[in-house]
Amino acid sequence: MNLVGKIFVGVIALMSVVCLTVSALSYASHHNWKEESAKQKGRLDDLEKQVRLLEEQKADLNNKIASESATYSSTIQALKTKADDLEKSNKQLSDENIQLQKDLDARLAVIKTNNEQIKNVNKELEEASKNLSDAQEMRSEYLKKLSETVQALHDAQAKNGDLAEQNAELTKEYGDAVTIISKNNLSTNLEDYSEIPLNAVRGSIQDIRKDDNGYMLISIGSDDGLAENHKLDVRRGESYLGKIQVVSVEPDSAICKVLPEFRQGVMMEGDEVYAQQAN
């Protein structure tokens, strides 16, 4: 029930009370009906005035209610319009949020990919750094070896120069030796001297075996430059006795045999053995 209905109910209730009051008064004072009628008429006029006043108030209330209703309707329409706008805005924001989430997911995927690439690049940089370090170490080792090689080359060149000088000296000495050998009518073939010790040696017979084989022990050996097959001369004072040949050799002694084709006397203990010439 709205406000207008409530007002009508109030007016009707008031009119009912007025009518009941009038009826009761009329019934109670019928002996003075006219006077009471006049009073009731005055009261009725007052009630009519009140009714008119109430009707005016009702009309005013109706106007206010209509104005408020129009205002309410306008407000409701405005709120509905605003709600629609908010709903549209909310939908747009929701769509934008979905799009932003998609963009964010795409960017996160790109960031993840970039992080993987950065990780791979860092790994490659670490490997490259290690390779560079190894290369620098190899380069340092190479430079060290190169320096050593250059130094060795310089030393070899210096040694080569020394060897060249020695070779020149030896060549000159060899030429001089060949010249001297030629002047003395000696052979320049080294094989002709293979049975002669390299250095001049001198020793003595220590013991002679008492048989016909002619083996003897002499006092010089490999420490003196003797080797197997070397041939030595034997003499006693100024008497030349013949040649002997080394059969076996020890550091300080040797076993020799007499060469019959060169024998010129009997060899005995104490006789001198020697080689005058050396290669």
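Below, all heavy atoms of this structure are taken into account, side chains as well, without hydrogens, waters or symmetry copies.
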For this session: Would you please test Asp134 and Lys130 for salt bridge (Lys or Arg N to Asp or Glu O under 4.0 Å) and show each step?
Result: CA-CA 6 Å; Asp134 294 340; Lys130 184 177 182 301; 3.2 Å; yes

Problem set entry | Asp155 and Gln151: CA distance, side-chain angles, deciding distance, side-chain hydrogen bond (donor to acceptor under 3.5 Å, both in side chains) verdict | CA-CA 6 Å; Asp155 295 341; Gln151 184 62 39; 3.1 Å; yes

For this session: Run the numbers on Arg202 and Glu272 for salt bridge (Lys or Arg N to Asp or Glu O under 4.0 Å), then give the verdict.
Result: CA-CA 7 Å; Arg202 191 177 300 277; Glu272 182 182 4; 2.2 Å; yes

For this session: Carefully, step by step, assess Val246 and Asn229 under the rule side-chain contact (heavy atoms from CB on, under 4.5 Å).
Result: CA-CA 5 Å; Val246 177; Asn229 297 322; over 6 Å; no

Problem set entry | Evaluation steps, salt bridge (Lys or Arg N to Asp or Glu O under 4.0 Å), between Lys91 and Asp95 | CA-CA 6 Å; Lys91 186 176 182 306; Asp95 294 339; 3.3 Å; yes

For this session: Verify side-chain contact (heavy atoms from CB on, under 4.5 Å) between Leu54 and Leu14, making sure each step is shown before the conclusion.
Result: CA-CA 11 Å; Leu54 289 172; Leu14 182 59; 3.6 Å; yes

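What you find for Cys256 and Ile218 is that their closest heavy atoms are SG-CD1, 3.5 Å. The minimum heavy-atom distance linking Pro251 with Ser222 is given by the pair CA-OG, 3.1 Å. For the residue pair Ile208 and Glu269, the shortest heavy atom distance occurs at CD1-N, 3.8 Å. Smallest separation of non-hydrogen atoms from Asp233 and Tyr240: OD1-OH, 2.7 Å. Residue Leu226 comes nearest to Ala254 through the heavy atom pair CD1-CB, 4.3 Å, listed as atom of the first residue, atom of the second, then distance. Across every non-hydrogen atom of Ser219 and Gly203, the tightest pair is OG-CA, 3.6 Å.
Leu241 is listed as a side-chain neighbour of Arg236, based on a closest heavy-atom distance under 4.5 Å. Using a 4.5 Å heavy-atom cutoff, the side chains of Leu104 and Gln101 are in contact. At a threshold of 4.5 Å between non-hydrogen side-chain atoms, the residues Tyr215 and Ile255 count as touching. Inter-residue side-chain proximity for Val234 and Lys243 is flagged as unmet; no heavy-atom pair is nearer than 4.5 Å.
Using modelled atom types, no side-chain atom of Ser239 and backbone atom of Arg235 make a donor-acceptor pair closer than 3.5 Å. Using modelled atom types, one side-chain atom of Thr113 and one backbone atom of Ala109 make a donor-acceptor pair closer than 3.5 Å. Thr71 contributes a side-chain N or O that, together with a main-chain N or O of Ser67, makes up a donor-acceptor pair within less than 3.5 Å. Side-chain atoms of Ser147 never come within 3.5 Å of backbone atoms of Leu143 as a donor-acceptor pair (strictly under, hydrogens ignored). Between the Asp60 side chain and the Glu56 main chain, no donor and acceptor come within less than 3.5 Å of each other. Listed for the Asp224 side chain is no donor-acceptor partner under 3.5 Å among the backbone atoms of Ile220.
Ser204 and Gln206 share a side-chain donor-acceptor pair at under 3.5 Å. Remark: the Glu116 side chain and the Asn120 side chain contain no N/O donor-acceptor pair separated by less than 3.5 Å. For the 3.5 Å distance criterion, the side chains of Asn122 and Glu126 fail to qualify, holding no donor opposite an acceptor.
We find the CZ-CD1 distance between Arg107 and Ile111 to be 8.5 Å, quoted to the nearest 0.5 Å. Interatomic distance, Leu44 CG to Glu48 CD, rounded to the nearest 0.5 Å: 4.5 Å. With rounding to the nearest 0.5 angstrom, the CG atom of Asp85 is 11.0 Å from the CD atom of Gln92. The CD atom of Gln136 sits 8.5 Å away from the OG atom of Ser129 when rounded to the nearest 0.5 Å. Rounding to the nearest 0.5 angstrom, the gap separating the CG atom in Leu79 from the CD atom in Gln77 is 9.5 Å. We find the CZ-CD1 distance between Phe262 and Ile244 to be 13.0 Å, quoted to the nearest 0.5 Å.
More than 12 heavy atoms of other residues, nucleotides or ligands sit less than 6.0 Å from atom CD of Glu127. Within a 6.0 Å radius of CD in Glu137, no more than 12 heavy atoms belonging to other residues, nucleotides or ligands are found. Atom CZ of Arg263 has 12 or fewer heavy atoms from other residues, nucleotides or ligands within 6.0 Å.
None of Asp271, Val258, Asp207 except one satisfies the side-chain contact (heavy atoms from CB on, under 4.5 Å) rule with Met216; the exception is Val258.
With hydrophobic clusters built from ILVMFWY side chains whose heavy atoms lie under 4.5 angstrom apart, Leu61 shares a cluster with Val51.
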